[in-house]
Amino acid sequence: MNEEINFILDTAKENMDNAIVHLEKQLLSIRAGKAMPAMLSTVMVDYYGSQTPLSQVANVSTPDARTLSISPWEKGMITEIEKGIMYANLGLNPMNNGESIIINVPALTEERRKELVKQAKAEAEEAKIGVRNDRKVAMNDLKKLDISEDLLKNAEADVQTLTDKYIVKIDDHLVIKEKEIMKV
């Protein structure tokens, strides 16, 4: 019996870990005050007929805090990379110098910072919903087991403790991102 309970708890923990990993990726793509290569993680480029992530066709670097430099591995890809950046609708304006693409990242206004904080909060709420769904699945799986009421109550308490722990982790990630966005 305990093996089945442990399996359900381990599965719930793994699913909740995945929610945190997904949240971290989503928060990385939300820009803060400085330029970061992760800002372009959602950009897809038409590479000989197939959609390919930008990181697989070019090197993205940050020469300074306000500039992104994209050096394609094939010079013929410059126009496709520019199109990909424009289609990604990130609010960035790429400039082509013939060999690479330079993006000057404008300073954020107070209003834009508040919008980005709202976006980060929405991502955190999505992660919380995922964790709560994982809790619901675990609780339902526990109820299907043929175990005593005491074991069931203890296992449900363990699942709730795990859920609370992951909700706090999500809130911690949000607080850090919020400070990063609002820092001028």
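Because the structure is a prediction, the values reported are computed rather than measured.
Connection of Ile5 to Met139 is established within a shared hydrophobic cluster, with ILVMFWY side chains joined at heavy-atom distances below 4.5 Å, either directly or through further cluster members. Note on Ile78: it clusters hydrophobically with Leu40, by side-chain heavy-atom contacts below 4.5 Å among ILVMFWY residues. A continuous path of ILVMFWY side-chain contacts below 4.5 Å connects Leu92 to Met77, so both sit in one hydrophobic cluster. Residues Met44 and Ile101 are members of separate hydrophobic clusters, defined by side-chain heavy-atom contacts under 4.5 angstrom among Ile, Leu, Val, Met, Phe, Trp and Tyr.
More than 12 non-hydrogen atoms from other residues, nucleotides or ligands lie less than 6.0 angstrom from NZ of Lys75. When the shell of 6.0 Å around CD of Glu99 is examined, it contains 12 or fewer heavy atoms from other residues, nucleotides or ligands.
The shortest distance between side-chain heavy atoms of Glu110 and Met182 falls below 4.5 Å. Using a 4.5 Å heavy-atom threshold, the side chains of Gln51 and Asp46 count as touching. Between Gln119 and Leu116 the shortest side-chain heavy-atom distance falls below 4.5 Å.
Atom-to-atom distance recorded for Glu14:CD and Asp134:CG is 10.5 Å, nearest 0.5 angstrom. Atoms CG and CG, from Asp10 and Asn15 in turn, are 11.0 Å apart once rounded to the nearest 0.5 Å. Residue Lys144 holds its NZ atom at 10.5 Å from CG of Leu142, rounded to the nearest 0.5 Å. Considering CG of Asp141 and CD1 of Ile8, their distance stands at 5.0 Å, rounded to 0.5 Å. Atom CD1 of Ile181 and atom CZ of Arg113 lie 9.0 Å apart (nearest 0.5 Å). Distance OH/Tyr47 to CD1/Ile81: 10.0 Å, rounded to 0.5 Å.
Thr163 pairs by the side-chain hydrogen bond (donor to acceptor under 3.5 Å, both in side chains) definition with nothing, not counting sequence neighbours. Contacts of Asp172 classified as salt bridge (Lys or Arg N to Asp or Glu O under 4.0 Å), with partners at least two apart in sequence or in another chain: none. Applying the salt bridge (Lys or Arg N to Asp or Glu O under 4.0 Å) rule to Glu115 yields the partners Arg112; only residues at least two apart in sequence or on another chain are considered. Residues passing the salt bridge (Lys or Arg N to Asp or Glu O under 4.0 Å) test with Glu126, sequence neighbours excluded: none. Here Thr62 pairs with Ala35, Pro37, Leu68 under the side chain to side chain contact (heavy atoms under 4.5 Å, CB included) rule; sequence neighbours left out. Here Ser41 pairs with Ser29 under the side chain to side chain contact (heavy atoms under 4.5 Å, CB included) rule; sequence neighbours left out. In this structure Met86 satisfies the side chain to side chain contact (heavy atoms under 4.5 Å, CB included) test together with Pro94, sequence neighbours excluded. The side-chain hydrogen bond (donor to acceptor under 3.5 Å, both in side chains) test applied to Thr79 returns no partner, not counting sequence neighbours. Remark: Asp64 engages Arg66, Thr67 in a side chain to side chain contact (heavy atoms under 4.5 Å, CB included) (not counting sequence neighbours).
Nearest heavy atom pair, residue Ile170 against residue Ala124, reads CG2-O, 3.6 Å. Considering every non-hydrogen atom in both Ala120 and Lys177, the closest pair reads CB-CG, 4.3 Å. Residues Glu74 and Tyr48 share a closest heavy-atom pair of OE1-OH, 2.6 Å. Minimum interatomic distance between Ser69 and Ile102 (heavy atoms only, all atoms of both residues): OG-CD1, 4.0 Å. Taking both residues in full, the closest heavy atoms of Val43 and Ile85 are given as CG1-N, 3.8 Å, listed atom of the first, atom of the second, then distance. Across Leu162 and Leu9, no two heavy atoms sit closer than the pair CD2-O, 3.9 Å.
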Could you walk me through whether Lys128 and Asp171 satisfy the side-chain contact (heavy atoms from CB on, under 4.5 Å) test, starting with their C-alpha distance in whole Å, then the side-chain angles of each, then the deciding distance to 0.1 Å, before giving a yes or no?
CA-CA 9 Å; Lys128 287 180 182 179; Asp171 288 337; 2.7 Å; yes
List, one per line, each side-chain donor-acceptor pair under 3.5 Å for residues 151-160, sequence neighbours excluded.
unit_1	atom_1	unit_2	atom_2	d
Asn154	ND2	Asp150	O	3.4
Gln160	OE1	Arg135	NH1	3.2
Gln160	NE2	Asp164	OD1	2.8

Acceptor/donor pairs from residues 16-27 side chains to any protein atom, 3.5 angstrom cut, sequence neighbours excluded:
unit_1	atom_1	unit_2	atom_2	d
Asp17	OD1	Tyr166	OH	2.5
Glu24	OE2	His173	NE2	2.8

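Counting only residues at least two apart or on different chains, the salt bridge (charged side-chain N to carboxylate O under 4.0 Å, His left out) pairs with a member in residues 83-93 are Glu80-Lys83.
The one candidate from Asn93, Val60, Ile70 that meets the side-chain contact (heavy atoms from CB on, under 4.5 Å) condition with Ile103 is Ile70.
Ion pair Lys118/Glu125 not flagged as a salt bridge, since none of the NZ, NE, NH1 or NH2 atoms sits closer than 4.0 Å to an Asp/Glu carboxylate oxygen.
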